[in-house]
Amino acid sequence: MLTLADIEQARERIRGGIYESPCVESIPLSQLTGAHIYCKLDYLQRTGSFKERGARNALLQLSGEQRMRGVIAASAGNHALGVAYHSALLGIPVTVVMPKFAPLIKVSNCRQLGAKVVLHGADLSQARDEAEKIAAREGLTFIHPFDNAHVMAGQGTIALEILEQTPDVQAIVAPVGGGGLLAGIGTVIEARKPDVLLVGVEPVHAACLTAALAAGHPVPVTLSSTLADGLAVMQAGALPFEVLRRVVDQVVTVDEAAIALAVLRLIELEKSVVEGAGAAPLAAFLAGKLDTLKGRNVVLVLCGGNIDLTILDRVIEIGLVADGRLSRFAVSISDRPGGLARLAEVIASTGASIKEIVHDRAFSGPDLSAVRVVCVVETTGHDHVAELHRALADAKVAIVPATSDAISIATPAP
């Protein structure tokens, strides 16, 4: 069983090789959530995530022969990066097996760090199976991303820093994948400050800890695509679960819209680019899952910053839609001169800004004098969207029977 002594020893072992990230007060997030928010900025690690802590602790406890033969890891990205980086620092040959869906930035960064990268499988479990086969065939030491006592101890060092940096903390909210990070934090909290609430957050599309707690033991869950790819674990780790069933106070799930909105809020309010997994703790507040923590001193563990830049714009747009700042609607207007100008005038009267407008003549119905127009507009929020719809209704709007999302706006004849 993982102990506080294991984690304290891990801290001394990795000291000097790991960045002791700051835990800073956030006034804008405090105003947004109603809690007194502090952010543990562990995405500032060299490879962009907390995974370095556990990786380095595990690597430093290898025997001389194990170091010479090399190590292998399976990961969607962050664990692979941590193992690759610290293996390079310690002169240990490293192979990483990543699922084929792994973000390109994480794949390329692993290669740049000198790791041999193998892309295999549709999910992390398949990548892990392949890594174990390679380890057995080539005599490599397999470093599990969370179901490993040395890794868990390394991850737990983050909690020692949090308690020193925010001694008045009343709750810690952290993301959950396989459970190694949360188990490490929980071990420290239980021993040092048991009155602090420990909350885990996982995506609805990969709620393996929720399923494990309900069943009383780790069970496999069906994974769906999630913005929090770093948390997409099919089954909670056996070692972390034995700790978590005792120390975790609450586990909540968040949907994709909340995750995207959290990424957006962190960019806007904290000027921080955090990946979906790292933004999960804030997503729980935005989804209204942690209202009981309002008024308390809360640390959000923002532990991953390796978001794929090829999807960042999509994540931001999803967040804007969830925030009511990007809205789409369809109207049927006269195809005569002045019809489009009249529509633009109504939209402008509310202060909304047209971002995109598309004429859809082919599917506008049998009335050749009318045209269906699909509009994407920028607004300031859900109230502004409602104001826009009222303005369209005041302009004699009628539902178009052929399409459920279309409304018809009357345009005076020229």
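Considering every non-hydrogen atom in both D147 and L239, the closest pair reads OD1-N, 2.8 Å. Smallest separation of non-hydrogen atoms from V204 and D255: CG2-N, 3.9 Å. Listed here is the closest heavy atom pair of A287 and A258: CB-CB, 4.1 Å.
A salt bridge links E12 with R15: the distance from a Lys NZ or Arg NE/NH1/NH2 to an Asp or Glu carboxylate oxygen falls below 4.0 Å. Taking 4.0 Å as the cut-off between side-chain N and carboxylate O, R265 and E268 count as a salt-bridged pair. In this structure, K40 pairs ionically with E161, as a charged nitrogen and a carboxylate oxygen lie closer than 4.0 Å. K133 has no carboxylate O lying under 4.0 Å from a charged side-chain N of E138, or vice versa, which leaves the two without a salt bridge.
One side chain, T380 or H384, offers a donor N or O that lies under 3.5 Å from an acceptor on the other. T350 and E387 share no donor-acceptor pair across their side chains, judged by distance under 3.5 Å alone. Side-chain atoms of D6 and Q9 form no donor-acceptor pair, as typed in the model, at a separation below 3.5 Å.
In summary, of the residues considered (E270, Q31, H36), a side chain to side chain donor-acceptor pair (under 3.5 Å) with S26 occurs for E270 alone. The only member of V247, I172, L4 that meets side chain to side chain contact (heavy atoms under 4.5 Å, CB included) when paired with I189 is I172. Screening S49, S272, S21 for a side chain to side chain donor-acceptor pair (under 3.5 Å) involving Y43 leaves a single residue, S272.
With sequence neighbours left out, the ring pair (Phe, Tyr, Trp, His ring centres under 6.0 Å) criterion links H86 to no other residue. The ring pair (Phe, Tyr, Trp, His ring centres under 6.0 Å) check on H205 picks up nothing, with sequence neighbours excluded.
Atom CZ of R246 sits in a crowded spot, with more than 12 heavy atoms from other residues, nucleotides or ligands closer than 6.0 Å. Other residues, nucleotides and ligands contribute more than 12 heavy atoms inside 6.0 Å of the CZ atom of R67. R296 CZ: 12 or fewer foreign heavy atoms inside a 6.0 Å radius.
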>> Between E132 and R128, is the salt bridge (charged side-chain N to carboxylate O under 4.0 Å, His left out) condition met? List the steps.
In response: CA-CA 6 Å; E132 290 176 343; R128 190 177 303 126; 5.9 Å; no
> What's the verdict on side chain to side chain donor-acceptor pair (under 3.5 Å) for R53 and T157, showing C-alpha distance, side-chain angles and the deciding distance?
Replying inline: CA-CA 7 Å; R53 297 171 180 271; T157 62; 2.9 Å; yes
> Which is it for R11 and E164 under the salt bridge (charged side-chain N to carboxylate O under 4.0 Å, His left out) test, yes or no, and what are the steps along the way?
Replying inline: CA-CA 13 Å; R11 187 182 191 187; E164 291 172 359; 2.7 Å; yes
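Annotation: the span from C375 atom SG to L340 atom CG amounts to 7.5 Å, rounded to 0.5 Å. One finds the CG atom of D195 at 8.5 Å from the CD atom of Q170 (value rounded to the nearest 0.5 Å). Atom-to-atom distance recorded for L261:CG and I316:CD1 is 12.0 Å, nearest 0.5 angstrom. In this structure, the separation between CG on L326 and OG1 on T379 is 7.0 Å, given to the nearest 0.5 Å.
Side-chain contact check for L60 versus L90: some heavy-atom pair is nearer than 4.5 Å. Between I92 and L62, the closest side-chain pair of non-hydrogen atoms falls below 4.5 Å. Taking 4.5 Å as the limit, some side-chain heavy atom of F241 sits within range of a side-chain heavy atom of L213. The side-chain heavy atoms of Y38 and Q165, taken from C-beta on, include no pair separated by under 4.5 Å.
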When the side chains of residues 94-120 are checked against the rest of the protein, which donor-acceptor pairs come out under 3.5 Å, sequence neighbours left out?
from : atom 1 : to   : atom 2 : distance (Å)
K106 : NZ     : D229 : OD2    : 3.3
K106 : NZ     : E275 : OE1    : 3.1
S108 : OG     : L104 : O      : 3.1
S108 : OG     : I105 : O      : 3.1
N109 : ND2    : I105 : O      : 3.2

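A donor-acceptor pair is defined here as one N or O able to donate and one able to accept, closer than 3.5 Å; such a pair exists between the side chain of Q126 and the backbone of A122. Although no hydrogens or angles enter the test, the distance criterion places a donor-acceptor pair under 3.5 Å between the side chain of E202 and the main chain of L209.
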